[in-house]
Amino acid sequence: MVASTARAAPGAKPGRRFNEGTVCQARSGIIPLRMHPRESAELDTEVLFGECVTVLSQRNGWMHVRAELDGKEGFVQPQFFSDRLFTPTHRVRVPSVFTTRSRPVQSPFVAALGMNALVRVLTTPDKFSQLQEIGWVNHSCLIPIDQYEKDFVEVAWR
């Protein structure tokens with residue numbers, strides 16, 4: 001069983017409903033996309049922070065969605081999404097990273113982001129980047145969205 005690192009979107013309400021056709025963006029580290037609308041259902045894939053989905057329907061606390069990146073359909077819980085979209089500027093280039101409330105690494109943890117999570121960098125003083133809505137992270141963990149890793153073997157080793 002895969003452990004979920006999903007956390008509700010900032011300010012999200014568990015009973016939140018989105019209209020059909022609404023495009024929503026993941027506001028949690030890793031959100032399970034399930035085959036059926038229940039916690040025990042088989043995991044099909046995952047939606048990472050910053051990825052967009054289109055709501056196909058919603059009932060009983062679950063949304064039937066289509067992922068924008070790969071077109072996969074499945075079921076997710078709405079509290080992990082927001083209809084306030086941001087345009088990503090970077091993606092996570094390491095297997096996982098924790099964001100913090102402020103620049104020092106000793107500050108409280110905010111979220112865990114997986115490789116290829118999409119984020120928007122607001123500012124980059126020193127070695128840290130302030131991310132929209134999700135805190136701070138060491139800038140070396142990010143890569144601009146329009147750049148790609150050159151050495152696929154090195155990426156696999158990470």
Side-chain angles (χ1 to χ4, degrees), residues 1-16 18 22-34 39 43-55 62-63 65-158:
M1 177 164 204
V2 175
S4 171
T5 60
R7 290 184 173 204
K13 297 179 178 75
R16 177 118 197 230
F18 296 100
T22 299
V23 174
C24 298
Q25 198 166 36
R27 291 298 200 280
S28 179
I30 301 170
I31 304 164
L33 184 70
R34 301 202 178 271
E39 283 285 334
L43 177 71
D44 185 26
T45 188
E46 296 167 330
V47 179
L48 300 176
F49 185 92
E51 287 187 52
C52 288
V53 299
T54 300
V55 178
W62 289 87
M63 293 190 307
V65 300
R66 180 177 44 254
E68 296 287 315
L69 287 178
D70 62 9
K72 287 204 172 208
E73 290 186 19
F75 295 88
V76 295
Q77 295 174 310
Q79 66 266 28
F80 304 124
F81 292 85
S82 174
D83 54 2
R84 291 186 342 258
L85 307 180
F86 67 83
T87 303
T89 59
H90 290 72
R91 70 179 177 278
V92 175
R93 66 182 294 272
V94 295
S96 65
V97 65
F98 291 101
T99 64
T100 58
R101 231 176 249 152
S102 60
R103 279 183 20 202
V105 292
Q106 297 86 0
S107 70
F109 151 80
V110 175
L113 300 177
M115 184 179 270
N116 290 322
L118 303 172
V119 297
R120 180 172 185 81
V121 173
L122 300 177
T123 183
T124 306
D126 303 325
K127 297 178 183 177
F128 291 90
S129 293
Q130 182 182 19
L131 308 178
Q132 183 173 333
E133 295 187 19
I134 199 158
W136 292 80
V137 70
N138 188 304
H139 192 68
S140 67
C141 297
L142 305 174
I143 189 168
I145 202 145
D146 60 349
Q147 290 183 18
Y148 297 92
E149 302 279 357
K150 292 176 178 36
D151 185 352
F152 68 88
V153 174
E154 191 270 328
V155 171
W157 275 104
R158 271 191 252 146

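Only a predicted model underlies this, so the values are computations on that prediction, with no experimental measurement involved.
- With hydrogens and angles ignored, the 3.5 Å screen pairs a side-chain donor or acceptor of Gln25 with a backbone N or O of Gly50.
- Residues Leu43 and Leu33 fail the side-chain proximity criterion, which asks for heavy atoms closer than 4.5 Å.
- To the nearest 0.5 Å, atoms CD (Glu51) and OG (Ser28) are separated by 12.0 Å.
- Rounding to the nearest 0.5 Å gives a distance of 12.0 Å between CZ of Arg101 and CD1 of Ile134.
- Within the 4.5 Å cutoff, the side chain of Arg27 has heavy atoms near those of the Phe86 side chain.
- Between Glu73 and Arg66, some side-chain heavy-atom pair lies under the 4.5 Å cut-off.
- Between Pro32 and Phe80, the closest side-chain pair of non-hydrogen atoms is not below 4.5 Å.
- Listed for the Asp126 side chain is no donor-acceptor partner under 3.5 Å among the backbone atoms of Phe128.
- Listed for the Arg91 side chain is a donor-acceptor partner under 3.5 Å among the backbone atoms of Gln147.
- Of the possible donor and acceptor atoms, one in the side chain of Thr99 sits under 3.5 Å from a partner among the backbone N and O of Ala111.
- Checked by atom type and distance alone, the side chain of Arg120 never pairs as donor or acceptor with a backbone atom of Thr89 at under 3.5 Å.
- Between Val65 and Phe81 the shortest side-chain heavy-atom distance does not fall below 4.5 Å.
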**OP:** Determine, stepwise, if the pair Arg34 / Asp44 fulfils side chain to side chain contact (heavy atoms under 4.5 Å, CB included).
**Re:** CA-CA 5 Å; Arg34 301 202 178 271; Asp44 185 26; over 6 Å; no

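- Minimum heavy-atom separation, Val23 to Cys52: CG1-CB, 4.0 Å.
- Under the side chain to side chain contact (heavy atoms under 4.5 Å, CB included) rule, Val92 has a single partner from Ile143, Asn116, Leu113, Leu48, which is Leu113.
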